[in-house]
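Residue numbers run from 1 in the order of the sequence given. Remember, predicted model here, so these are calculated numbers, not experimental data.
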Amino acid sequence: MAQQVYDRLEFDAAAGRGGVRTIDLRVGTGPEGSWELVRAAPAGAPGSGVAGYRGYRLALHRPQRRLEMPSGLVTLLLEFGGSLRLGRVGRSLTGDPQAGWTRLDSLFAGLQTEPTVAEHDGRLCGIEVLLEPWLAYTVLGVGLHELHGVAVPVRDLLGRQGALLAERLAGTPRWSDRFALVDAFLLERVACGRPAAEQVVHAWRQVVRSGGDGCVGGLGAAVGWSERHLELRFREQIGLSPKRAARLLRLRHSLRLLEAGCPPARIAVACGFYDQAHYAREFKAMTGCTPAGLRQLRAMPERPVDRLPGRATSVLLRGRPANSARPESR
């Protein structure tokens, strides 16, 4: 029995202050079970720093495992049905599946520069909010360098307010109403939070625009700060130094070109790597795969896997026992 997928758009006339929110809803059924994927933009929330909302409901017949690659965004994951196990590629995909795993429900994940594996038992429901790091700094009220490469329970950062949000989402049946709760939460946190410095936001946007392929040594002068002062504030409010952020964004640029079918040699030149060997080493260090291996793994997915449309972020690892999956060797 083939997978059946149904697409439809829904409009929430009550979103925001008189605005209209468009909700892209995809529903699928097939031998593996059923799933529902909902995407929406914020309505009334600080949209310039919110990359998007993604709701999901999975009712699948067996556990699922995904390879998550660095996205260049901070993730707020609000689970209200099921929980995740998170692990690193080097430990969780090549050895004992119980080693190195952390079980979490609602979490914040800072900027990642290494691949992560996420696994669940097949039944999961929640909302994912993807934030620009400078906005996450305001929402969280902590230095983002503390979140680099880790996932932290929401309750540890937001206390009762975070737990209450997940509880309210669980008791709200409509996706549009759930997204409205997230809108209100973000507005409240931004209103009472400390904004990132304009100089840091400007420097981050410059690195993003360049795709990481540019000199970061002059960013301090461009914003009127010393390079040392910019690096300290950048790490605090973005999570990485400008140099490490550029490395991450070069990867993101290379993934876009790889998805477009560009050969690795051309990608290496276009993204500012020293040579193709340098590109291959960096790619594998941050994704767990070779470029050719990732193309194989992402071929013909049975359902949408990426956390943002048009951005390669994830791979569904199918048909592999937990103790023998090795995407990096494909």
Side-chain angles (χ1 to χ4, degrees), residues 28 32-39 52-71 73-93 95-112 114-131 136 139-140 146-147 149-173 175 178-179 181-182 185 288 303-308 313-318 320-323 325:
E32 65 171 2
S34 64
W35 54 268
E36 193 172 291
L37 178 64
V38 193
R39 299 190 189 276
Y53 298 157
R54 187 174 74 106
Y56 47 87
R57 182 197 58 78
L58 305 177
L60 306 173
H61 302 322
R62 63 177 182 174
Q64 300 286 296
R65 176 175 284 188
R66 290 160 57 105
L67 176 69
E68 301 290 353
M69 298 175 288
S71 67
L73 298 165
V74 174
T75 300
L76 165 59
L77 202 60
L78 297 161
E79 300 286 1
F80 42 90
S83 62
L84 289 172
R85 295 196 311 149
L86 303 178
R88 290 295 179 194
V89 165
R91 298 175 69 180
S92 58
L93 286 185
D96 181 351
Q98 299 300 319
W101 290 98
T102 301
R103 183 176 291 276
L104 295 168
D105 40 40
S106 296
L107 62 90
F108 268 105
L111 291 184
Q112 310 289 312
E114 296 179 353
T116 303
V117 179
E119 184 177 87
H120 59 85
D121 66 4
R123 295 185 175 273
L124 200 65
C125 191
I127 289 178
E128 181 180 56
V129 182
L130 296 172
L131 303 171
V139 170
L140 292 174
E146 299 179 22
L147 294 181
V150 300
V152 179
V154 166
R155 61 180 177 274
D156 289 357
L157 294 173
L158 302 178
R160 178 59 182 161
Q161 186 182 21
L164 180 61
L165 176 59
E167 290 173 9
R168 294 180 67 190
L169 290 171
T172 303
W175 284 111
R178 290 168 178 162
F179 293 142
L181 288 174
V182 178
F185 165 79
R303 66 173 182 271
V305 296
D306 290 324
R307 298 160 64 201
L308 277 175
T313 64
S314 313
V315 174
L316 186 63
L317 300 173
R318 301 189 56 81
R320 296 178 177 81
N323 63 353

For a quick test of your reading: what N or O donor-acceptor pairs under 3.5 Å do the side chains of residues 163-172 make, sequence neighbours left out?
residue: Glu167; atom: OE1; partner: Arg160; partner atom: NH2; Å: 3.4
residue: Glu167; atom: OE2; partner: Arg160; partner atom: NH1; Å: 3.1
residue: Thr172; atom: OG1; partner: Arg168; partner atom: O; Å: 2.6

(request) For Glu68, enumerate each residue passing the side-chain hydrogen bond (donor to acceptor under 3.5 Å, both in side chains) test, keeping only those at least two apart in sequence or located in another chain. (result) Arg66, Ser314
(request) Quick one: do Val129 and Phe179 satisfy side chain to side chain contact (heavy atoms under 4.5 Å, CB included)? Show the steps, please. (result) CA-CA 10 Å; Val129 182; Phe179 293 142; over 6 Å; no
(request) Apply side-chain hydrogen bond (donor to acceptor under 3.5 Å, both in side chains) to Glu128 and list each qualifying residue two or more places apart in sequence or on a separate chain. (result) Arg54, Arg307
(message) Under a 3.5 Å distance rule, please check whether Ser71 uses its side chain to pair with a backbone N or O of Leu73 as donor and acceptor.
(response) yes
(request) First locate atom CG of Leu76, then atom CG of Leu107, and finally report the distance between them rounded to the nearest 0.5 Å. (result) 8.0 Å
(message) Minimum heavy-atom separation for Gln112 and Pro70, please, with both atom names.
(response) O-CB, 3.0 Å
(request) List the atom of Val139, the atom of Phe108, and the distance in Å for their closest heavy-atom pair. (result) CG1-CZ, 4.4 Å
(request) Name all residues meeting the side-chain hydrogen bond (donor to acceptor under 3.5 Å, both in side chains) criterion together with Ser106; count only those two or more places apart in sequence or in a different chain, and write none if there are none. (result) none
(request) Quick one: pull up CG in Leu78 and CG in Asp105 and give me the separation to the nearest 0.5 Å. (result) 10.0 Å
(message) Using every non-hydrogen atom in the two residues, find where Arg62 and Gln64 come nearest and quote the distance to one decimal.
(response) O-NE2, 3.4 Å
(request) Go through Tyr56 and Leu124 one step at a time and tell me if the side chain to side chain contact (heavy atoms under 4.5 Å, CB included) criterion holds. (result) CA-CA 8 Å; Tyr56 47 87; Leu124 200 65; 3.9 Å; yes
(message) Minimum heavy-atom separation for Arg178 and Phe80, please, with both atom names.
(response) CZ-CE1, 3.7 Å
(request) Please check if the side chain of Asp306 supplies one atom and the backbone of Thr313 the other of a donor-acceptor pair under 3.5 Å. (result) yes
(request) Kindly determine whether Arg57 and Ser34 satisfy side chain to side chain contact (heavy atoms under 4.5 Å, CB included), including the steps that lead there. (result) CA-CA 8 Å; Arg57 182 197 58 78; Ser34 64; 3.8 Å; yes
(request) Check side-chain hydrogen bond (donor to acceptor under 3.5 Å, both in side chains) between Glu114 and all other residues, then give those that pass, not counting sequence neighbours. (result) none
(request) Please assess Leu308 against Leu130 for the test side chain to side chain contact (heavy atoms under 4.5 Å, CB included), listing each intermediate value before the final yes or no. (result) CA-CA 9 Å; Leu308 277 175; Leu130 296 172; 3.5 Å; yes
(request) Work out which heavy atom in Leu104 is nearest to a heavy atom in Pro153; give both atom names and the distance. (result) CD2-CG, 3.5 Å
(message) Restricting to side-chain contact (heavy atoms from CB on, under 4.5 Å), what partner residues turn up for Val152, sequence neighbours left out?
(response) Leu147, Val150, Asp156, Leu157
